[in-house]
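Notes follow the structure.
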There are 2 protein chains.
Amino acid sequence: MDEYKSEQKLSAILKATSDPTRRSLLTTLVQQGPSRVTELAGHYDMSLNSISKHIKVLEAATLVTRKTIGRVHLIEAQLEPINEIDNWFKNLRSIWDLRLDDLETILNKEFSDD
Amino acid sequence: MDEYKSEQKLSAILKATSDPTRRSLLTTLVQQGPSRVTELAGHYDMSLNSISKHIKVLEAATLVTRKTIGRVHLIEAQLEPINEIDNWFKNLRSIWDLRLDDLETILNKEFSDD
DNA sequence: CGTATATTCACCCATATGGATGAATATAAA
DNA sequence: TTTATATTCATCCATATGGGTGAATATACG
């Protein structure tokens, strides 16, 4: 996947998970396993349609998949994409550590006796 | 911190990092260390004001702090809050593993010989 | 003091977002 | 075939968001 697409995907994942209702949906799905849209909506004081939209956002971010069996849509959580967040963070931290190492090197040179 | 506040903070962190410009700002700050607003804005084809606003979003999410020295504002990255994302994900994964364990237990009982 | 610099504040604008409702579609069931 | 159920589609609405511009504020400098 090219850099731009990958950045876009990360944005989608982060944005999708930034909504409390959607995080809650993911948790419920992980707890219960694949669930129907109506069943999921039952947990919330919110219209079925709104939940349906939230599910579509999660789906667009590849955080859930859908298996349609007749008129029932089974929604299933996918955790792998969240690793992309993890990778981004790990990268950020490694850059951080790198800079601190550089600073240390500089300080050591500055104050060394040779 | 109570559960509701903590949820809100996580939402803020995820939303703040969901924007590519803000992720880029964080990366730059981690690479360069504390930087001035104008200096940061110089990296982007975007008005100083817009960058200033992005910084305020990061600040509200506690992802950067600000040290004002005279008319200069030094912005510094803070990586610790990102751990909250990590914790959320770890929790989600543990719930996932728990369910799979339960499933396995059920299957073992179902097909055991006793 | 007057001027230049660094940054935010106050608006404006177009678009996105999260919610709602009612209609449409597709499938199951009687 | 008629009816009920599961879900999405099409709209609508209020608010948030990301961008811009010009004015205001605060500080540094000549």
Side-chain angles (χ1 to χ4, degrees), chain A residues 4 7-29 32-77, chain B residues 4 7-29 32-77:
Chain A
Y4 179 62
E7 272 291 293
Q8 276 191 139
K9 189 180 179 191
L10 182 54
S11 293
I13 293 168
L14 286 162
K15 195 159 192 188
T17 52
S18 76
D19 182 274
T21 303
R22 288 193 290 261
R23 281 201 304 282
S24 171
L25 280 169
L26 274 181
T27 303
T28 302
L29 283 167
Q32 307 188 344
S35 311
R36 293 185 308 114
V37 177
T38 307
E39 198 281 323
L40 288 169
H43 298 347
Y44 302 87
D45 185 21
M46 195 183 293
S47 76
L48 171 66
N49 291 30
S50 293
I51 296 296
S52 171
K53 265 209 278 187
H54 278 304
I55 290 171
K56 285 177 73 94
V57 173
L58 290 170
E59 202 179 2
T62 73
L63 287 165
V64 306
T65 51
R66 181 189 305 257
K67 195 171 289 177
T68 304
I69 302 168
R71 61 185 167 179
V72 166
H73 296 213
L74 270 189
I75 312 298
E76 178 170 18
Chain B
Y4 180 62
E7 272 289 293
Q8 277 190 139
K9 189 180 178 191
L10 181 55
S11 294
I13 294 168
L14 285 163
K15 195 160 192 187
T17 53
S18 77
D19 182 275
T21 302
R22 289 194 289 261
R23 281 201 305 280
S24 171
L25 280 168
L26 274 180
T27 303
T28 302
L29 282 167
Q32 306 187 346
S35 312
R36 295 184 307 113
V37 177
T38 308
E39 198 280 325
L40 288 169
H43 298 347
Y44 303 87
D45 186 21
M46 195 182 294
S47 77
L48 171 65
N49 291 29
S50 294
I51 295 296
S52 171
K53 268 208 277 188
H54 277 304
I55 290 171
K56 286 178 73 93
V57 173
L58 290 170
E59 203 180 2
T62 72
L63 287 165
V64 306
T65 52
R66 181 189 305 257
K67 196 171 288 178
T68 305
I69 303 168
R71 62 185 167 178
V72 165
H73 296 213
L74 270 190
I75 311 298
E76 178 170 18

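The chains referred to below are lettered A, B, ... by the order of the sequence lines, with proteins before strands, and numbering in each begins at 1.
The distance between atom CG of A:L74 and atom P of D:dT5, rounded to the nearest whole Å, is 19 Å. Following rounding to the nearest Å, A:K56 (NZ) and D:dA10 (C1') show an atom-to-atom distance of 12 Å. In this structure, B:L58 places its CG atom 10 Å from P of D:dG18, rounding to the nearest Å. Atom OH of A:Y44 is separated from atom P of C:dG19 by 11 Å (rounded to the nearest Å). Put simply, CD on A:E39 is 16 Å from C1' on D:dT5, counting in whole angstrom units. For the pair A:I55 CD1 and D:dT7 C1', the interatomic distance rounds to 10 Å; values are reported in whole Å. A straight line from CZ of B:R36 to P of D:dA28 spans 13 Å, rounded to a whole angstrom.
In this structure, a donor-acceptor pair under 3.5 Å is absent between the side chains of B:S50 and B:Y44.
Here the side chains of B:L14 and A:R23 are in contact, with some heavy-atom distance below 4.5 Å. Taking 4.5 Å as the limit, some side-chain heavy atom of B:R36 sits within range of a side-chain heavy atom of B:L74.
Comparing C:dG18, D:dA6, D:dC29 by their closest approach to the side chain of B:R71 singles out D:dC29. Checked against C:dT7, C:dT27, C:dG18, the side chain of A:D19 finds its nearest nucleotide in C:dG18. Distances from the side chain of A:V37 to the nucleotides D:dT7, D:dG18, C:dT7 place D:dT7 closest.
With rounding to the nearest 0.5 Å, the separation of CD in B:Q32 from OG1 in B:T27 is 11.0 Å. We find the CG-CG distance between A:L63 and A:L25 to be 11.0 Å, quoted to the nearest 0.5 Å. We find the NZ-CD1 distance between B:K9 and B:I13 to be 5.0 Å, quoted to the nearest 0.5 Å.
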- Task: Please report the C-alpha distance between B:L10 and A:T17 in whole Å, then the side-chain angles of each, then the deciding distance to 0.1 Å, and finally whether the side-chain contact (heavy atoms from CB on, under 4.5 Å) criterion is met.
- Result: CA-CA 9 Å; B:L10 181 55; A:T17 52; over 6 Å; no
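Across residues 45-53 of chain B, B:L48, B:N49, B:S52 each have a non-hydrogen atom less than 4.0 Å from an atom of DNA chain C (numbered order).
For the pair B:S35 and A:G70, nearest-nucleotide mapping onto DNA chain C gives the more 5' position to B:S35.
In this structure, A:K15 does not reach the D:dT17 phosphate: none of its side-chain N or O atoms is under 4.0 Å from OP1 or OP2. Side-chain nitrogen and oxygen atoms of A:R22 include at least one within less than 4.0 Å of the OP1 or OP2 phosphate oxygen of C:dG18.
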